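Heads up, the thing below is written out as structure tokens.
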Amino acid sequence: MLRFLIPTLLALPLLLTTLSGRAEAAELCNETSYIVEAATAWPVEGGVAIEGWTRLRPGDCATVASDVDLDGDQPIFFYAKSSIAYLGGVREWRGTVPLCVDEADFEVVANTRCASLGMASRDFFIREGDDRERTVFVEPDSFGSRANVAGIQRLLQSAGYPINGVDGLDGRSTRRAVASFLSDAGISGTPGDGALIDALEARALERNAASGMTVCNTADGDIAVAIGLQVGEIWQSRGWWRIHANECARVLAARLETANTFYFAERINTAGRRGLVGGGETFCVAPARFVAEGRTDCAERGYAPADFHRIPEPADGGVRVTLDESEFRRP
């Protein structure tokens with residue numbers, strides 16, 4: 001069994017392997033507090049068969065890639081993302097193999113020329129041998145059998161109900177919040193966990209659809225985005241969100257009331273990274289995934305200073321920033 005860990009910002013897999021008996025089908029299990037949508041791929045004659053999306057509520061498992069013979073040597077590739085309902089933006093579970101995906105449910109045999117098919121490119125991770133039998137998505141907090149309760153708690157937070165923390169424990173505050181939601185939504189009786197999760201997701205999607213900050217990339221290739229904002233009394237910067245060309249990503253889901261939020265981006269290519277031109281607000285950044293508190297003495301604290309831009313004035317709690325090739329330093 002292989003487990004994949006999702007960090008807070010950019011998802012990079014951590015492998016923990018245990019022995020298991022031979023399975024008859026590849027299995028995906030979700031032990032995170034997020035609703036996960038997974039795409040699966042495997043090599044076939046003429047390209048790679050890719051299909052998505054398999055929706056996994058917290059605590060759910062599903063069988064995928066039924067056409068793959070687990071007694072053979074066909075590898076299986078996976079990419080997964082969280083529902084867009086959550087505060088804090090979409091989380092990803094990804095690797096280094098670029099394959100094609102679509103927004104809606106899809107089945108396709110394709111190579112990596114995704115744009116010609118009207119599809120997006122995503123970086124899949126690979127499973128081979130016995131590792132194909134079972135893959136478990138996890139977070140830094142290992143919820144295990146408590147994932148469904150943790151999932152309800154996280155959706156309650158995203159839907160605007162008071163929750164002290166996401167711990168997977170069905171305590172009094174969680175039960176009170178669930179009761180308040182059921183009353184507000186006009187839901188009678190006691191729905192099962194699956195029905196409750198679905199109803200909470202719908203409420204969170206409705207509440208958060210226009211909130212936060214979305215960055216769109218119209219440059220000629222990938223960009224990496226960082227943001228700076230005030231958290232309580234402390235200035236904080238964090239990154240990176242990788243956004244492919246001609247795609248958008250919501251990097252901040254919290255409702256924005258003022259333009260007191262900032263952004264920085266770097267254009268990524270084989271020659272290195274080129275930062276945005278202009279900007280006049282200094283925040284600290286690091287080469288890899290980071291969260292930095294404070295805006296001064298960056299170098300002394302192991303960071304690099306970067307010139308961030310202020311966002312436009314928000315409308316309806318949200319803002320959209322579009323970055324094109326001309327806004328980055330020349331090579």
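Computed from a prediction, not measured in an experiment: that's the story for all the values here.
Of the possible donor and acceptor atoms, none in the side chain of Ser33 sits under 3.5 Å from a partner among the backbone N and O of Gly151. In this structure a side-chain-to-backbone donor-acceptor pair under 3.5 Å is missing from Gln236 to Gly228. A donor-acceptor contact shorter than 3.5 Å links the side chain of Thr218 to the backbone of Leu323. Distance alone, capped at 3.5 Å, places no donor-acceptor pair between the Arg146 side chain and the Gly59 backbone. The backbone N or O of Leu276 lies less than 3.5 Å from no partner atom in the side chain of His309, so there is not a single donor-acceptor pair. The main-chain N or O of Phe262 is never found under 3.5 Å from a side-chain atom of Arg310 such that the two would form a donor-acceptor pair. Between the side chain of Ser121 and the backbone N or O of Pro98, no donor-acceptor pair lies under 3.5 Å. With Asn30 contributing its side chain and Asp60 its backbone, the two residues share no donor-acceptor pair below 3.5 Å. When atom types are taken as modelled, the side chain of Trp240 and the backbone of Ala265 share no donor-acceptor pair closer than 3.5 angstrom. Here the side chain of Glu206 pairs no donor or acceptor atom with the backbone of Arg203 at under 3.5 angstrom.
How far CD1 of Ile163 is from CZ of Arg176: 9.5 Å, rounded to the nearest 0.5 Å. Taking CZ of Arg250 as the reference point, atom OG1 of Thr214 lies at 6.5 Å (rounded to 0.5 Å). Rounding to the nearest 0.5 Å places CD1 of Ile243 at 7.5 Å from SG of Cys216. The CG atom of Leu70 sits 9.0 Å away from atom CG of Asp130, with the distance rounded to the nearest 0.5 Å. Atom CD1 in Ile50 sits 10.5 Å away from atom OG1 in Thr40 (nearest 0.5 Å). The CD1 atom of Ile223 sits 4.5 Å away from atom CZ of Phe328, with the distance rounded to the nearest 0.5 Å.
In plain terms, the two heavy atoms of Thr32 and Ala147 that are nearest each other are O-CB, 3.6 Å. Nearest heavy-atom pair, Val68 versus Trp42, reported as atom, atom and distance to 0.1 Å: CG2-CG, 3.4 Å. In plain terms, the two heavy atoms of Pro75 and Pro43 that are nearest each other are O-CD, 3.4 Å. The minimum heavy-atom distance between Arg295 and Glu281, with the atom names listed, is NH2-OE1, 2.7 Å. For Leu28 against Ala38, the heavy-atom pair with the smallest separation is CD1-CB, 3.7 Å. In terms of heavy atoms, Ser158 sits closest to Ala85 at CB-O, 3.7 Å.
Checked against His244 for a side-chain hydrogen bond (donor to acceptor under 3.5 Å, both in side chains), the options Asn217, Asp123, Asp222 give a single hit: Asp222.
For CG of Asp73, the number of neighbouring non-hydrogen atoms (other residues, nucleotides, ligands) closer than 6.0 Å is 12 at most. Heavy-atom contacts from other residues, nucleotides or ligands closer than 6.0 Å to CZ of Arg175 number more than 12. Heavy atoms of other residues, nucleotides or ligands lying less than 6.0 angstrom from CD of Glu103 number 12 at most. Counting non-hydrogen atoms of neighbouring residues, nucleotides and ligands closer than 6.0 angstrom, the CG atom of Asn164 reaches no more than 12 such neighbours. Crowding of Gln230 atom CD: a count of heavy atoms from other residues, nucleotides or ligands under 6.0 Å exceeding 12. Surrounding CD1 of Ile84 are at most 12 heavy atoms belonging to other residues, nucleotides or ligands under 6.0 Å away. Glu300 CD: more than 12 foreign heavy atoms inside a 6.0 Å radius.
Looking only at side-chain heavy atoms (C-beta outward), Phe137 and Tyr34 stay at 4.5 Å or farther from each other. Side-chain contact between Val321 and Pro312 is present, with at least one heavy-atom pair separated by less than 4.5 Å. In this structure the side chain of Leu182 reaches within 4.5 angstrom of the side chain of Pro191, judged on heavy atoms. You'll find the side chain of Val178 reaches within 4.5 Å of the side chain of Leu156, heavy atoms only. The closest side-chain heavy-atom distance from Trp53 to Asp102 is not below 4.5 Å. For the pair Glu51 and Val108, the minimum side-chain heavy-atom distance is 4.5 Å or more. Using a 4.5 Å heavy-atom threshold, the side chains of Ile197 and Ile35 count as touching. Here the side chains of Tyr303 and Val285 are not in contact, with every heavy-atom distance at 4.5 Å or above.
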Going through the distances and angles, do Phe181 and Ile187 end up as a side chain to side chain contact (heavy atoms under 4.5 Å, CB included)? CA-CA 8 Å; Phe181 165 71; Ile187 298 174; 4.2 Å; yes
Give the intermediate values and the outcome of side chain to side chain contact (heavy atoms under 4.5 Å, CB included) for residues Tyr86 and Gln157. CA-CA 8 Å; Tyr86 297 101; Gln157 283 185 336; over 6 Å; no
Residue pair Asn260, Thr258: steps toward the side-chain hydrogen bond (donor to acceptor under 3.5 Å, both in side chains) verdict: CA-CA 5 Å; Asn260 202 32; Thr258 70; 5.2 Å; no
Take Asp167 and Gln153, measure what side-chain hydrogen bond (donor to acceptor under 3.5 Å, both in side chains) needs, and give me the verdict at the end. CA-CA 8 Å; Asp167 57 14; Gln153 291 171 328; 3.0 Å; yes
Given the rule in the side-chain hydrogen bond (donor to acceptor under 3.5 Å, both in side chains) test, do Glu27 and Thr63 qualify, once you have shown the distances and angles that lead to the verdict? CA-CA 4 Å; Glu27 185 179 44; Thr63 55; over 6 Å; no
Given the rule in the side-chain hydrogen bond (donor to acceptor under 3.5 Å, both in side chains) test, do Asp184 and Tyr161 qualify, once you have shown the distances and angles that lead to the verdict? CA-CA 11 Å; Asp184 293 344; Tyr161 291 87; 2.7 Å; yes
With salt bridge (Lys or Arg N to Asp or Glu O under 4.0 Å) as the criterion, how do Glu325 and Arg267 come out once you've worked through the C-alpha distance, each side chain's angles and the decisive distance to 0.1 Å? CA-CA 8 Å; Glu325 191 71 27; Arg267 174 75 168 80; 3.0 Å; yes
Could you walk me through whether Leu169 and Val149 satisfy the side chain to side chain contact (heavy atoms under 4.5 Å, CB included) test, starting with their C-alpha distance in whole Å, then the side-chain angles of each, then the deciding distance to 0.1 Å, before giving a yes or no? CA-CA 7 Å; Leu169 301 176; Val149 175; 5.9 Å; no
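Salt bridge Glu247/Arg242: absent, no basic N to carboxylate O contact under 4.0 Å. Under a 4.0 Å N-O distance rule, the pair Arg154/Glu139 qualifies as a salt bridge. Salt-bridge formation is not detected for the pair Glu37/Arg55: no Lys NZ or Arg NE/NH1/NH2 atom is positioned less than 4.0 Å from an Asp or Glu carboxylate oxygen.
Using a 3.5 Å distance cut-off with no hydrogens or angles, the side chains of Asp193 and Asn148 do pair a donor with an acceptor.
Phe124 and Tyr79 have tilted rings, their planes meeting at an angle from 30° to 60° on a 0 to 90° scale.
Between Phe264 and Phe308, the gap from one ring centroid to the other is short of 6.0 Å. Here the two rings, on Trp93 and Phe78, have centers that are 6.0 Å apart or farther. The aromatic ring centroids of Phe125 and Phe77 lie 6.0 Å or more from each other.
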